Amino acid sequence: MVPPKIYQMNIAILSRGPGLYSTQSLLIAGQRRGHRMFLIDYMDCSIGLERNRPMVYYKEEAINYLHAIIPRIGASGTQHGSAVVQQFEMMGVYSVLSADALLKARNKLRSLQLLSKSGIRFPRTVFGNFHEHADYLVESVGGIPVIIKLLSG
């Protein structure tokens, strides 16, 4: 029996930390499977907008050779990173994490709204906008003990 042919892919890890354990682990795993792996700092990417010709540039070089990306977008780079991921998606490059999913996951309130709508259980939660309402908010979830979180961060 002939083993199935393994196709090599060009895969980029979008990460600000090339030395991070998780980034290195992904890089090594891809290389062991015969793929050409690239490390790209998404903050050094520019987006080219032209009718029917989406493009991503990395340090002024057009990136038109990727089959897939693995986004490792940090919280401080969410907006730019998600724009880069979305541009790759528009170019037909597969992403293991969509730009839309990244933005939803980074928004705590939106994430909980989606979990609630889907019927997924999580601790009773209430969001408010003013610290003057703190007593009411604590009471509305059954009183102390309670965990209070900021909407972002």
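We count residues from 1, following the sequence as given. Note that this is a predicted model, so its numbers are computed, not measured.
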Flag yes if [X] and [Y] sit in one hydrophobic cluster, no otherwise; membership is Ile, Leu, Val, Met, Phe, Trp, Tyr, and two members link when side-chain heavy atoms are under 4.5 Å apart.
| X | Y | answer |
| --- | --- | --- |
| M90 | Y94 | no |
| L103 | L109 | no |
| I63 | L97 | yes |
| V56 | M43 | yes |
| I40 | L20 | no |

Main-chain N/O of [Y] paired with [X] side-chain donor or acceptor, under 3.5 Å:
| X | Y | result |
| --- | --- | --- |
| Q87 | G48 | yes |
| S25 | Y21 | yes |
| Q24 | P18 | yes |
| H80 | C45 | yes |
| S118 | L115 | no |
| S111 | N107 | yes |
| S140 | L137 | yes |

Separation of I11 CD1 from R36 CZ (nearest 0.5 Å):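 R36 CZ to I11 CD1: 11.5 Å, rounded to 0.5 Å.
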
Any chance [atom1] of [X] has more than 12 other-residue heavy atoms, nucleotides or ligands included, within less than 6.0 Å?
| X | atom1 | value |
| --- | --- | --- |
| E50 | CD | yes |
| Q86 | CD | no |
| I120 | CD1 | yes |

May I have the step-by-step check of side-chain hydrogen bond (donor to acceptor under 3.5 Å, both in side chains) for T23 and R72, ending in yes or no? CA-CA 8 Å; T23 300; R72 307 285 296 154; 4.7 Å; no

Salt bridge (charged side-chain N to carboxylate O under 4.0 Å, His left out) involving D44 - partner list, sequence neighbours excluded: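 Scan of D44 (salt bridge (charged side-chain N to carboxylate O under 4.0 Å, His left out), adjacent residues dropped) gives none.
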
Which atom names give the shortest non-hydrogen contact between [X] and [Y], and what distance separates them?
| X | Y | result |
| --- | --- | --- |
| Y42 | V84 | O-CG2, 3.9 Å |
| M9 | A68 | CE-CB, 3.9 Å |
| K104 | L114 | CD-CD1, 3.5 Å |

Could you name each residue pair satisfying ring pair (Phe, Tyr, Trp, His ring centres under 6.0 Å) that touches residues 49-76, not counting sequence neighbours?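 The answer is F38-Y65.
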
